Amino acid sequence: MGFRFRALCFVFLLKVLLLLLEQARAAGQFYNVSSFRGLKQVSGCNLFQGKWVFDASYPLYDSSSCPFIDEEFDCQKHGRPDKQYLKYAWKPDSCNLPRFDGMEFLRTWRGKKIMFVGDSLSLNMWESLSCMIHASVPNTKTSFVREGTVSSASFQDYGVTLLLYRTPYLVDLAKENVGRVLKLDSIQGGNAWKGMDMLIFNSWHWWTHTGKSQPWDYIREGTKLYKDMDRLTAFYKGLNTWANWVNLNVDPAKTKVFFQGISPTHYQGKEWNSPKKNCGGEGQPLSGSTYPAGTPPATAVVNNVLSTIKKPVYLLDITTLSQLRKDAHPSSYGGGHSGTDCSHWCLPGLPDTWNQLLYTALLM
């Protein structure tokens, strides 16, 4: 009874925090949760408050000419009949985003290592950035390696390496005598993240998985073993372990740290007032700048943890702008993926905007 009561209290407090954050965003009281240490404002512009506009100059690259795209994201190759979803650009309300310049990016980050750390949404963003850069220097020498949990795309003429470290929870998933255990207070995998010049973290997608798609049998916190736990509570505990890792291991003079905000799904049309739909067959974004269902509770967990972190971490607050893109998922046009995929994103597509916002933040 005590655990259940604490879990209910935690969820209630999260909902209150989420409501306060929504009110603050609506009132324009913060940009990118600007109370976080290390964040800067750009002429008072909230990069993440705006709308989607048609832009005939998009997309930024062609999927057929990019050597880095996985089958599951290549919607044009797998028969998606429409191209309108490729033609939208994000327009903040009070400023313009700079055009992505892959050559300038390579010059700025010459000789550096950039690592994406997270799940398949990190894979989505990593492949997008690789394609965006490649489109600027199509004839440069590249290498592409996948080995275990680490993959890399290198632009050898510039010494720039984009790495991906696959880890669905950031914290460790280990085999023990009892079975597969998700260890909320262990992050040994973090040893592979050291020495990077930029880190872009992401997690949430897998925290909600249950049944056969759940890759663990128990949750461990210290000496205590749980068969299950409220998933927002578990996410909060795991993300605090990650925050402690950042505090202990990141030197801000050498490494820039970003957190890729919560990426939404579009399986339930009731969220945008179309109860009989999902992302399948959707051809254009929602108009305006707000999402009818509001922000998912996991964003409150991210904001809460980042507000207490001691080292500078920049939040790429992509959630709402991505919620508006119900049209941008592979749906039934992702290769090697059965069913309807309303979780990941077509490439070219929405993750290109995430990387454009990353590029803008680096220019600030």
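All figures in this text were calculated on a predicted structure; none of them were measured in a lab.
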A.B. asks: Is it the case that the side chain of N278 and the backbone of Q268 share a donor-acceptor pair, with hydrogens and angles ignored and the cut-off at 3.5 Å?
C.D. replies: no
A.B. asks: Can you tell me if S203 uses its side chain to pair, donor with acceptor, with the backbone of P168 under 3.5 Å?
C.D. replies: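 At least one qualifying donor-acceptor pair exists.
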A.B. asks: So if you build clusters from Ile, Leu, Val, Met, Phe, Trp, Tyr with side-chain heavy-atom gaps below 4.5 Å, do V305 and L248 land together?
C.D. replies: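 As far as the 4.5 Å side-chain criterion goes, L248 and V305 are not connected within one cluster.
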A.B. asks: Shared ILVMFWY cluster between M364 and L357, side chains joined below 4.5 angstrom?
C.D. replies: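 Yes, it is one cluster - the side chains of M364 and L357 are joined through contacts under 4.5 Å.
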A.B. asks: Is there a side-chain contact between C95 and L47 in this structure, where contact means two heavy atoms from C-beta onward sitting under 4.5 Å apart?
C.D. replies: yes
A.B. asks: How about K183 and V171: do any of their side-chain heavy atoms sit closer than 4.5 Å?
C.D. replies: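 Result no, sub-4.5 Å side-chain heavy-atom pair not found.
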A.B. asks: Please find the pair of heavy atoms, one from V181 and one from I219, that lie closest to each other, and give the distance.
C.D. replies: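 Smallest heavy-atom distance, with atoms named: CG1-C, 4.4 Å.
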A.B. asks: To the nearest 0.5 Å, how far apart are CG in L286 and CG in N273?
C.D. replies: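 With rounding to 0.5 Å, CG (L286) is 9.0 Å from CG (N273).
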A.B. asks: Flag yes if more than 12 heavy atoms outside K270 fall under 6.0 Å of its NZ atom; otherwise flag no.
C.D. replies: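 At most 12 heavy atoms, drawn from other residues, nucleotides or ligands, come within 6.0 Å of this atom.
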A.B. asks: Is the backbone N or O of D70 less than 3.5 Å from a side-chain atom of E127, with the two atoms forming a donor-acceptor pair by type?
C.D. replies: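 Yes, E127 side chain to D70 backbone: donor-acceptor pair under 3.5 Å.
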A.B. asks: Specify the closest pair of heavy atoms between N355 and M132, including all atoms of both residues, with the distance to one decimal.
C.D. replies: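 Where N355 meets M132 most closely, the heavy atoms are CB-SD, 3.7 Å.
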A.B. asks: Give the intermediate values and the outcome of side-chain contact (heavy atoms from CB on, under 4.5 Å) for residues N202 and V117.
C.D. replies: CA-CA 6 Å; N202 157 66; V117 182; over 6 Å; no
A.B. asks: Decide yes or no on side chain to side chain donor-acceptor pair (under 3.5 Å) for D74 and S63, but give the supporting numbers first.
C.D. replies: CA-CA 7 Å; D74 195 344; S63 63; 3.1 Å; yes
A.B. asks: Consider only side-chain heavy atoms of I, L, V, M, F, W and Y, link residues closer than 4.5 Å, and tell whether I318 and V53 are in one cluster.
C.D. replies: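 No, because I318 and V53 fall into different hydrophobic clusters, even though each may have its own neighbours under 4.5 Å.
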A.B. asks: Hey, could you give me the CG/CG distance between L324 and L350, rounded to the nearest 0.5 Å?
C.D. replies: 10.0 Å
A.B. asks: Is any side-chain heavy atom of Y165 less than 4.5 Å from a side-chain heavy atom of W193?
C.D. replies: yes
A.B. asks: Tell me the closest heavy-atom pair linking W354 and S322, and the distance in Å.
C.D. replies: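 Closest pair (atom of W354, atom of S322, distance): NE1-OG, 3.0 Å.
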A.B. asks: Using a 6.0 Å distance limit plus a 45 degree cone around the ring axis, check whether K227 lies over the aromatic ring of Y218.
C.D. replies: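 Relative to the ring axis of Y218, which defines the angle, K227 lies inside both limits.
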A.B. asks: Determine yes or no for a side-chain-to-main-chain donor-acceptor pair under 3.5 angstrom, with D172 supplying the side chain and Q188 the backbone.
C.D. replies: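 Here the side-chain-to-backbone pair exists.
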A.B. asks: Could D217 and R180 be called an ion pair, given the rule that one side-chain N must be under 4.0 Å from one carboxylate O?
C.D. replies: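 The answer is yes: the pair qualifies as a salt bridge.
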A.B. asks: Might you point out which heavy atoms bring F48 and L316 nearest each other, and give the distance in Å?
C.D. replies: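 Shortest heavy-atom contact: CZ-CA, 4.0 Å.
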A.B. asks: Report yes or no: is the cationic atom of R99 (NZ for Lys, CZ for Arg) under 6.0 Å from the centre of the six-membered ring of Y359, at an angle within 45° of the ring normal?
C.D. replies: no
A.B. asks: Should the pair R325 and W52 be classed as cation-pi, given the thresholds of under 6.0 Å to the six-membered ring centre and 45° from the axis?
C.D. replies: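 That pair qualifies as a cation-pi contact.
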A.B. asks: Return the orientation label for the F73 and H344 ring planes: parallel under 30°, perpendicular over 60°, tilted otherwise.
C.D. replies: tilted
A.B. asks: Between D82 and K87, does any side-chain N to carboxylate O distance fall below 4.0 Å?
C.D. replies: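 Salt bridge flag = no for K87 with D82.
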A.B. asks: Let's go through E282 and Y85 carefully: what are the C-alpha distance in whole Å and the side-chain angles of both, what is the deciding distance for side-chain contact (heavy atoms from CB on, under 4.5 Å) to 0.1 Å, and is it a yes or a no?
C.D. replies: CA-CA 9 Å; E282 293 295 306; Y85 73 97; over 6 Å; no
A.B. asks: Let's go through T299 and T319 carefully: what are the C-alpha distance in whole Å and the side-chain angles of both, what is the deciding distance for side chain to side chain donor-acceptor pair (under 3.5 Å) to 0.1 Å, and is it a yes or a no?
C.D. replies: CA-CA 8 Å; T299 58; T319 303; 5.8 Å; no
A.B. asks: Listed by chain and number, what are the ring pair (Phe, Tyr, Trp, His ring centres under 6.0 Å) partners of W242, not counting sequence neighbours?
C.D. replies: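 Listed in chain order: F201, F259.
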A.B. asks: Check whether S136 reaches the backbone of G102 with its side chain - one donor and one acceptor, N or O, closer than 3.5 Å.
C.D. replies: yes
A.B. asks: How long is the span from the CD atom in E72 to the CG atom in L123, to the nearest 0.5 Å?
C.D. replies: 6.0 Å
A.B. asks: Between F68 and F144, does the ring centre distance come in under 6.0 Å?
C.D. replies: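 That pair passes the under 6.0 Å test.
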A.B. asks: With no hydrogens and no angle check, just 3.5 Å: does a side-chain donor-acceptor pair link S152 and T161?
C.D. replies: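 Side chains of S152 and T161: no pair found under 3.5 Å.
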A.B. asks: Quick one, Q76 with S64, criterion side chain to side chain donor-acceptor pair (under 3.5 Å). Give me CA distance, side-chain angles, the key distance, then yes/no.
C.D. replies: CA-CA 9 Å; Q76 288 297 307; S64 64; over 6 Å; no
A.B. asks: Counting distance only, does the side-chain N/O of H329 pair as donor-acceptor with the main-chain N or O of C342 below 3.5 Å?
C.D. replies: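 Checking the backbone N and O of C342 against the side chain of H329, a donor-acceptor pair under 3.5 Å is found.
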A.B. asks: Quick one: are P98 and L363 in side-chain contact, heavy atoms under 4.5 Å?
C.D. replies: yes
A.B. asks: Does this structure show an ion pair linking E271 with K326, if we count only N-O contacts that are shorter than 4.0 Å?
C.D. replies: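 Salt bridge: no.
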A.B. asks: Just do the side chain to side chain donor-acceptor pair (under 3.5 Å) check on Y61 and D352 with the steps written out, would you?
C.D. replies: CA-CA 10 Å; Y61 56 90; D352 305 333; 2.8 Å; yes
A.B. asks: Mind checking whether Y333 and W345 sit in one hydrophobic cluster, side chains of I, L, V, M, F, W, Y counted as touching below 4.5 Å?
C.D. replies: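 They do not share one cluster, since no chain of ILVMFWY contacts under 4.5 Å joins Y333 to W345.
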A.B. asks: Restricting to non-hydrogen atoms, name the atom on G261 and the atom on L315 that form the minimum distance, rounded to 0.1 Å.
C.D. replies: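 Scanning both residues completely, I find the closest heavy atoms to be CA-CD1, 4.1 Å.
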A.B. asks: In Å, rounded to the nearest 0.5 Å, how long is the span from SG of C279 to OH of Y267?
C.D. replies: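 Atom-to-atom, C279:SG and Y267:OH are 7.0 Å apart.
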A.B. asks: Looking at A89, is its backbone amide N or carbonyl O close enough to the side chain of D55 to form a donor-acceptor pair, meaning the two atoms are under 3.5 Å apart?
C.D. replies: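 Judged by distance alone, no pair lies under 3.5 Å.
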A.B. asks: I'd like to check K194 versus N249 (side-chain heavy atoms, cut-off strictly below 4.5 Å). Are they in contact?
C.D. replies: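 When only atoms from C-beta onward are counted, N249 and K194 do touch, with a gap below 4.5 Å.
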A.B. asks: Is the backbone N or O of G281 less than 3.5 Å from a side-chain atom of K277, with the two atoms forming a donor-acceptor pair by type?
C.D. replies: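 Side chain of K277 to backbone of G281: no pair is present.
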A.B. asks: Quick one, L163 with F116, criterion side-chain contact (heavy atoms from CB on, under 4.5 Å). Give me CA distance, side-chain angles, the key distance, then yes/no.
C.D. replies: CA-CA 6 Å; L163 297 115; F116 291 83; over 6 Å; no
A.B. asks: Let's go through L362 and F258 carefully: what are the C-alpha distance in whole Å and the side-chain angles of both, what is the deciding distance for side-chain contact (heavy atoms from CB on, under 4.5 Å) to 0.1 Å, and is it a yes or a no?
C.D. replies: CA-CA 10 Å; L362 291 168; F258 291 83; 3.7 Å; yes
A.B. asks: Is it the case that the side chain of T255 and the backbone of P252 share a donor-acceptor pair, with hydrogens and angles ignored and the cut-off at 3.5 Å?
C.D. replies: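 No, the answer is negative, given that no donor and acceptor are paired below the 3.5 Å cut-off.
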A.B. asks: If you take all heavy atoms of S289 and G50, which pair is closest and at what distance?
C.D. replies: CB-O, 2.9 Å
A.B. asks: Does any part of the side chain of F105, heavy atoms only, come nearer than 4.5 Å to the side chain of V137, both counted from C-beta?
C.D. replies: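 SC-SC contact between V137 and F105 ruled out.
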A.B. asks: Do the non-hydrogen side-chain atoms of N303 and S307 ever get within less than 4.5 Å of each other?
C.D. replies: no
A.B. asks: Answer whether the closest heavy-atom distance between the side chains of E71 and K77 falls below 4.5 Å.
C.D. replies: yes
A.B. asks: Check whether any side-chain N or O of S128 sits under 3.5 Å from a backbone N or O of N124 as a donor-acceptor pair, and report yes or no.
C.D. replies: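 No: the side chain of S128 does not pair with the backbone of N124.
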A.B. asks: Got a second to check how far N139's CG is from T142's OG1, nearest 0.5 Å?
C.D. replies: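 So the CG of N139 and the OG1 of T142 are separated by 10.5 Å.
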A.B. asks: Strictly under 6.0 Å, is that where the ring centroids of W207 and Y169 end up?
C.D. replies: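 Between Y169 and W207, which both carry aromatic rings, the centre distance is below 6.0 Å.
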A.B. asks: What distance separates L162 CG from W126 CH2, expressed to the nearest 0.5 Å?
C.D. replies: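 With rounding to 0.5 Å, CG (L162) is 8.0 Å from CH2 (W126).
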A.B. asks: If hydrophobic clusters are built from ILVMFWY residues whose side chains come within less than 4.5 Å, do L239 and Y226 share one?
C.D. replies: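 Yes, L239 and Y226 fall within the same hydrophobic cluster.
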